[in-house]
Amino acid sequence: MKYYVAPTLICLTLFLQGCNSSDESNAATTKPSDYKGSGSLTYGIAQTTVTNLFSKGGRVAAIGSIKSIDGATTWTVPAVVNYTNDAIPFAPDLFNDYGNQYSSAKAAVAALDSKDIIEVDADGEVITAYIFADNYFEMYINGVAVGKDPVPFTQFNSNIVQFRVNKPFDIAVLAVDWEENLGTGTEDNQGSKAHPGDGGFVAVFKDNNNKVVAITDDNWKAQNYYTAPVSDLSCLSESGTSRLSTNCTIKGTDDASILYGVHWTMPTGWEKKGYDDSQWPSATIFSNDTVGVDNKKSYTNFTEVFDDSANDAQFIWSPNLSLDNKILLRTTVSQ
Ligand SMILES: [Ca+2]
Ligand SMILES: [Ca+2]
Ligand SMILES: [Ca+2]
Ligand SMILES: [Ca+2]
């Protein structure tokens with residue numbers, strides 16, 4: 001089996017240097033049977049199916065296809081997205097290196113046209129959402145697609161979305177941490193050809209009186225559907241519905257072909273109003289520093305919205321900002 005090199009062989013290979021079975025960078029010492037979880041395992045690099053969704057982007061935003069080790073499932077990586085689906089509108093810009101670059105939230109709102117308002121309920125109130133995603137998002141309100149991220153990977157951008165809805169309403173978001181080495185959750189970064197990238201999602205929702213009606217925080221639900229890279233399958237665990245990889249290394253490697261991915265099927269209807277997310281884990285919050293937005297104008301031009309001291313929106317994700325790459329987020333706005 002090409003994905004498994006027996007530890008004894010490695011010990012023989014390393015005979016002159018001695019055998020160190022505790023070296024976690026030695027990816028080949030793990031084998032599929034080490035995995036005890038509920039996910040579907042893939043190994044190595046996916047086949048590219050879409051060369052680049054956004055050719056102007058800083059990094060190549062490709063889509064790939066990879067068969068599970070057990071042969072039962074073919075997975076699309078990093079995610080099945082609606083980027084090329086014309087039925088779902090691109091979210092207008094707050095700040096986009098390839099589009100509009102507003103200096104403030106007020107300027108971005110002023111530039112919006114009433115035709116940009118997505119109708120969920122014809123007699124509803126207008127809600128404005130301010131969004132920064134590392135790297136890609138699609139947002140649904142009561143199951144209605146209200147906007148998708150125009151820049152799938154880099155450079156980092158931010159968006160504004162307006163929709164008309166009655167309370168209570170459900171917000172549902174697909175958030176994707178994109179990848180360069182398809183199927184492995186890695187990119188050329190920090191001196192390694194295959195370094196785990198990290199994610200993060202922050203949003204603020206305001207009504208027509210500029211009153212905050214929702215912010216991202218740990219009251220949201222967050223479930224992870226794709227963990228990678230994994231070089232030691234024994235580091236993975238599950239607790240209730242939480243798919244945990246926080247014991248796994250986030251070190252880079254130069255060889256993406258020896259990395260595993262773990263995948264779970266997204267539930268039908270996750271974006272709909274009233275979808276039962278009660279068993280999902282709560283979102284985990286991360287600081288601005290951890291996500292690393294200090295030097296990004298797409299964030300820093302809008303801190304009066306994202307870091308409002310009275311309503312400080314938090315970056316949310318599943319527990320592992322680095323290794324969890326495809327996240328569904330949900331909350332209900334009641335008042
Ligand atoms: Ca983006
Ligand atoms: Ca990642
Ligand atoms: Ca990222
Ligand atoms: Ca904040």
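One-based numbering, in listed order, for ligands and for the atoms of each. The shown structure was predicted, so the numbers you read here are calculated from the model rather than taken from an experiment.
To the nearest 0.5 Å, atom OG of residue Ser239 and atom CG of residue Leu244 are 6.0 Å apart. To the nearest 0.5 Å, the span separating CD1 on Ile45 from CD on Gln47 amounts to 12.0 Å.
Taking the ring centroids of Tyr299 and Phe306, they lie under the 6.0 Å cut-off.
Here Asp134 fails the criterion, with no N, O or S atom under 3.0 Å of the Ca ion (ligand 1). When distances to the Ca ion (ligand 4) are checked against a cut-off of 3.0 Å, Ala313 contributes an N, O or S atom below that limit. Among the backbone and side-chain atoms of Ala133, no N/O/S atom is found under 3.0 Å from the Ca ion (ligand 1). Note on Phe306: counted as a metal contact of the Ca ion (ligand 4), an N/O/S atom lying under 3.0 Å. Backbone or side-chain N, O or S atoms of Asn159 do not reach the Ca ion (ligand 1) at under 3.0 Å. Within the coordination shell of the Ca ion (ligand 1), defined by N, O or S atoms under 3.0 Å, Thr154 is absent.
With a 4.5 Å cut-off on side-chain heavy atoms, Ile258 and Tyr43 count as touching.
With respect to the Ca ion (ligand 2), Asp177 has OD2 as its nearest N, O or S atom. Looking only at N/O/S atoms, Asp149 comes nearest to the Ca ion (ligand 1) through OD2. Sorting the N, O or S atoms of Asp307 by how far they are from the Ca ion (ligand 4) puts OD1 first. No other N/O/S atom of Asp312 lies as close to the Ca ion (ligand 4) as OD1 does.
By the 30° and 60° cut-offs, the orientation of the rings of Trp220 relative to Phe201 is tilted.
With respect to Lys106 and Glu304, no salt bridge is recorded, no charged nitrogen being found less than 4.0 Å from a carboxylate O.
The angle subtended at the Ca ion (ligand 2) by OD1 of Asn325 and O of Ser322 is 100°, given to the nearest 10°.
Between the side chains of Asp254 and Ser192, no donor N or O sits under 3.5 Å from an acceptor N or O.
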